[in-house]
Amino acid sequence: MSTTTRRSPTVVAAVDSSAQSTEALRWAAREAVARDVGLLVVSVARVPVPAAGTGLGTDGPFEELKSRSRAIVTAAMTTAREVAPGVRVEGLLAVGTPSNVLHQLSEENDLLVCGSRGHGALTGLVLGSVSTSVAAHARCPVVVVRPARSGSSEDAVTAFTVATHDRVVVGVDGSEAATRAVMFAAAHARRIGRGLTLLHARGDQARPGARAVPAEGVLTPVATMLRSAGLGLDVDTLEVEGPAAASMVEASHQAALVVVGTRGRGPFVSRLLGSVSLTLLSSATGPVAVVH
């Protein structure tokens with residue numbers, strides 16, 4: 001894969017021809033505005049593999065794939081400029097596997113944004129595949145934009161979701177990973193002018209990395225630190241009795257963004273992300289940020 005030399009902080013949007021990819025692109029463009037940084041739109045042309053023993057070449061199909069990918073990038077750049085007229089928008093057609101390309105881009109950029117499912121040039125950008133792998137292994141935060149909740153507004157509104165409506169919600173459990181997630185969430189909430197809700201689930205006291213202390217011992221110090229930092233943030237705390245995964249999914253129905261941390265680094269996605277992140281990536285409604 002060839003990329004241009006990084007000149008400044010950049011948000012990367014992975015695009016294909018799917019509707020979810022377009023929603024992710026729009027989210028990324030708005031985030032680039034909020035951060036006052038550039039936007040890099042990338043599509044990946046996967047090299048086709050000929051059938052074994054056929055001796056058939058792949059130049060023709062591959063050139064066609066690259067041509068479609070270029071058209072996707074061009075259209076996406078136009079959309080991004082409509083959403084964010086003042087943002088510097090660049091395009092990149094990369095050759096390789098989507099996960100490898102995005103992992104490499106995560107090493108030199110500030111945020112990766114992708115849809116939860118896709119097709120076309122980013123073949124394989126589906127849940128359980130590329131987006132999950134990137135969320136687990138990227139070197140920068142990753143936002144996966146999931147579909148909005150369907151159904152009536154009455155079905156979507158509960159006492160719980162009212163408490164998180166249009167706010168940035170971050171899971172807090174006393175771990176170092178949660179601390180990184182809180183800092184990301186606070187910065188995002190401040191940029192977009194939203195309140196911040198710190199959510200702690202008592203049902204997750206036994207999770208690896210979590211400290212077995214009362215909820216007030218987890219939430220109060222973090223809330224106090226944020227309120228005294230002079231950030232002008234509206235900070236709330238929310239304690240729930242059930243497991244964090246279900247609570248964060250419910251919060252996502254009305255939240256502007258839900259944020260979780262990863263456990264660390266290693267070869268196994270499930271160990272890196274844990275049940276909370278994996279559940280959010282499969283069941284949340286709206287954008288989910290995974291912070292490293």
Side-chain angles (χ1 to χ4, degrees), residues 1-8 10-29 31-32 37-85 87-140 142-147 269:
M1 182 189 74
S2 62
T3 63
T4 57
T5 301
R6 179 184 177 189
R7 296 194 300 270
S8 61
T10 304
V11 173
V12 177
V15 298
D16 57 22
S17 57
S18 68
Q20 288 193 25
S21 166
T22 301
E23 287 305 307
L25 171 66
R26 291 178 180 276
W27 195 98
E31 181 66 8
V37 300
L39 176 67
L40 176 63
V41 177
V42 58
S43 183
V44 182
R46 186 197 298 268
V47 179
V49 179
T54 64
L56 297 177
T58 59
D59 288 348
F62 184 45
E63 289 304 315
E64 181 181 350
L65 176 58
K66 287 197 295 184
S67 178
R68 292 202 306 268
S69 298
R70 288 191 192 97
I72 288 170
V73 171
T74 299
M77 292 174 68
T78 299
T79 298
R81 288 172 176 141
E82 292 172 352
V83 174
V87 168
R88 172 178 54 85
V89 179
E90 297 180 277
L92 172 66
L93 170 59
V95 176
T97 61
S99 59
N100 288 341
V101 168
L102 297 179
H103 290 162
Q104 183 175 338
L105 286 170
S106 76
E107 295 180 352
E108 56 193 31
N109 292 286
D110 301 285
L111 181 70
L112 286 181
V113 183
C114 61
S116 60
R117 294 182 182 274
H119 53 73
L122 274 170
T123 301
L125 185 59
V126 295
L127 190 65
S129 174
V130 175
S131 59
T132 304
S133 175
V134 171
H137 297 288
R139 298 288 177 172
C140 69
V142 176
V143 172
V144 177
V145 179
R146 289 194 42 78
V269 169

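Side chains included, hydrogens not; waters and symmetry mates left out as well; all remaining heavy atoms used.
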- Query: For L40 and V11, what are the C-alpha separation, side-chain angles and deciding distance, and is it a side chain to side chain contact (heavy atoms under 4.5 Å, CB included)?
  - Reply: CA-CA 6 Å; L40 176 63; V11 173; over 6 Å; no

- Test item: V113 and V145 side chains (from C-beta on) under 4.5 Å apart, heavy atoms: yes

- Query: So, do L102 and V42 sit near enough that their side-chain heavy atoms are less than 4.5 Å apart?
  - Reply: yes

- Taking it one step at a time, do C140 and D110 satisfy side chain to side chain contact (heavy atoms under 4.5 Å, CB included)? CA-CA 6 Å; C140 69; D110 301 285; 5.9 Å; no

Once you round to the nearest 0.5 Å, how far does [atom1] of [X] lie from [atom2] of [Y]?
X    : Y    : atom1 : atom2 : value
L93  : L65  : CG    : CG    : 8.5 Å
R146 : Q20  : CZ    : CD    : 7.0 Å
D16  : S21  : CG    : OG    : 4.0 Å
S131 : L112 : OG    : CG    : 11.5 Å
M77  : L25  : CE    : CG    : 10.5 Å

- Sequence neighbours excluded, the answer for side-chain contact (heavy atoms from CB on, under 4.5 Å) partners of T97 is R46, S99, N100

- Item | T22: partners by side-chain contact (heavy atoms from CB on, under 4.5 Å), with sequence neighbours left out | R26

- Task: For R88 and T10, run side chain to side chain contact (heavy atoms under 4.5 Å, CB included): C-alpha distance rounded to whole Å, both residues' side-chain angles, the deciding distance at 0.1 Å, then the answer.
- Result: CA-CA 9 Å; R88 172 178 54 85; T10 304; 4.1 Å; yes

Say whether, by atom type as modelled, one donor and one acceptor occur between the side chain of [X] and the main chain of [Y] under 3.5 angstrom.
X    : Y    : result
N109 : L111 : no
S106 : H103 : yes
S67  : E63  : no

Which heavy-atom pair separates [X] from [Y] by the least distance, and what is that distance?
X   : Y   : result
L39 : A13 : CD1-CB, 4.1 Å
S43 : I72 : OG-CG2, 4.4 Å
A80 : A29 : O-CB, 4.2 Å

- Task: Evaluate the criterion side chain to side chain contact (heavy atoms under 4.5 Å, CB included) for residue pair V41 and V89; output intermediate values, then yes/no.
- Result: CA-CA 7 Å; V41 177; V89 179; 4.1 Å; yes

